[in-house]
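Each remark here refers to the structure printed beneath this line.
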Amino acid sequence: MEKKDIKWGEIGFEYMPTDLRFVSHFKDGAWDDGTLTTDATVTMTECAGVLQYSQSCFEGLKAYTTEDGRIVAFRPDLNAARMADSCRRLEMPVFPEDKFVEAVVSVVKANDGYVPPYGSGATLYIRPYMFGEDAVIGVKPASQYQFRIFCTPVGPYFKGGVKPITIRVCDYDRAAPHGTGNIKAGLNYAMSLFPIMDAHRKGFDENMYLDAATRTKVEETGGANFLFVTKDGKVVTPKSDSILPSITRRSLMYVAKEYLGLETEERPVYFDEVKDFAECGLCGTAAVISPVGCINDHGKEIRFPSGMEKMGPITQKLYDTLTGIQMGRLEAPEGWIKVIEEA
Ligand SMILES: *Cc1c(COP(=O)(O)O)cnc(C)c1O
């Protein structure tokens with residue numbers, strides 16, 4: 001493996017094509033074996049299901065170099081299972097979960113020169129996705145699909161140190177009850193673009209979405225789940241059927257309980273109680289945890305005691321422990337680390 005000549009500390013979160021990507025086609029009711037290809041483009045009919053009726057879903061995970069020089073991915077089996085759930089909800093064919101993990105491994109191996117070195121802060125972001133490929137003009141599922149995985153190196157999420165962000169309570173809804181909020185569908189992101197740009201135009205970093213039915217309970221942001229810490233050190237995360245089940249959040253809740261000995265609760269979280277929490281963070285693959293310093297509710301500010309300078313102490317411990325597990329500095333729970341290349 002020869003590392004590519006990339007300034008790892010300087011890259012951002014942008015697409016940079018790598019050498020090879022995985023492609024498999026679904027046709028006549030079956031997936032083919034799939035292959036790696038150098039072709040980074042997709043050509044299809046103008047009437048493709050994905051172009052007309054947004055039949056698509058995706059996943060996101062990372063590979064990185066551990067302290068002892070191995071290349072690993074974090075819990076890819078959970079991405080496989082979640083994508084299977086997304087596919088079932090969108091009438092798309094499930095890509096077999098074991099084959100999904102094999103394909104992730106093959107893509108990372110084929111692009112190992114793009115896996116950033118340990119300590120650079122950069123990682124290799126892996127994007128599996130699926131879409132309806134053949135022509136549909138009446139509203140119905142496509143009959144042909146592509147499952148693809150590309151990867152792209154991404155820089156450290158927090159350049160120049162972690163700074164708590166300010167979010168606003170959003171007047172738009174992210175997900176309807178019994179809708180598609182709990183799957184990773186592209187359509188959930190299309191409709192979030194206006195609210196997020198609107199938030200940015202008004203000086204906020206993110207949107208806090210409340211439950212669409214009653215607007216009293218905290219759901220999540222456009223792309224990350226919430227974690228709260230109570231004043232007596234309990235870690236709380238909202239429970240709702242319309243939240244996307246973040247793998248980072250589920251891992252952090254496990255770490256809180258099993259590594260840090262903290263009490264944890266997954267339960268409905270009312271917006272009214274948010275003002276009483278000591279710490280707040282957003283969790284997802286990209287940042288692991290982004291600390292939230294301030295929530296703006298139509299001009300009324302909730303400022304967490306952890307402040308606007310750094311993460312709260314428990315958020316920091318959660319962050320350090322999970323990234324320690326990911327980077328191989330701490331022993332991982334059974335099955336969390338998929339070794340792709342030995343040192
Ligand atoms: C992907 C995603 C997350 C984060 O999930 P991870 O598995 O932790 O990356 C959270 N919320 C939404 C809406 C998402 O699409």
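Every number for a ligand or one of its atoms is a count from 1 in the order of the listing. Note that this is a predicted model, so its numbers are computed, not measured. Numbers here simply count residues along the sequence, with the first being 1. No hydrogens, no waters, no symmetry mates; every other heavy atom, side chains included, goes into these values.
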**Request:** Take Asp85 and Lys184 through the test salt bridge (Lys or Arg N to Asp or Glu O under 4.0 Å) and record every step on the way to the result.
**Result:** CA-CA 9 Å; Asp85 288 339; Lys184 227 168 162 69; over 6 Å; no

**Prompt:** Between Phe277 and Phe228, does the ring centre distance come in under 6.0 Å?
**Reply:** yes

**Item:** Shell of residues surrounding ligand 1, defined by a 4.0 angstrom heavy-atom cut-off that is strict
**Value:** Arg82, Arg174, Lys184, Tyr189, Glu220, Gly222, Gly223, Ala224, Asn225, Leu244, Ser246, Ile247, Thr248, Gly284, Thr285

**Aromatic plane relationship, Trp336 with Phe74 - under 30° parallel, 30 to 60° tilted, over 60° perpendicular** = perpendicular

**Asked** So, for Phe147 and Tyr145, is the gap between ring centers shorter than 6.0 Å?
**Response** no

**Message:** Between Asp198 and Lys202, does the salt bridge (Lys or Arg N to Asp or Glu O under 4.0 Å) criterion hold? Intermediate values first, please.
**Reply:** CA-CA 6 Å; Asp198 186 57; Lys202 291 172 178 153; 3.0 Å; yes

**Message:** Could you walk me through whether Arg75 and Glu59 satisfy the salt bridge (Lys or Arg N to Asp or Glu O under 4.0 Å) test, starting with their C-alpha distance in whole Å, then the side-chain angles of each, then the deciding distance to 0.1 Å, before giving a yes or no?
**Reply:** CA-CA 12 Å; Arg75 310 189 78 180; Glu59 276 299 326; over 6 Å; no

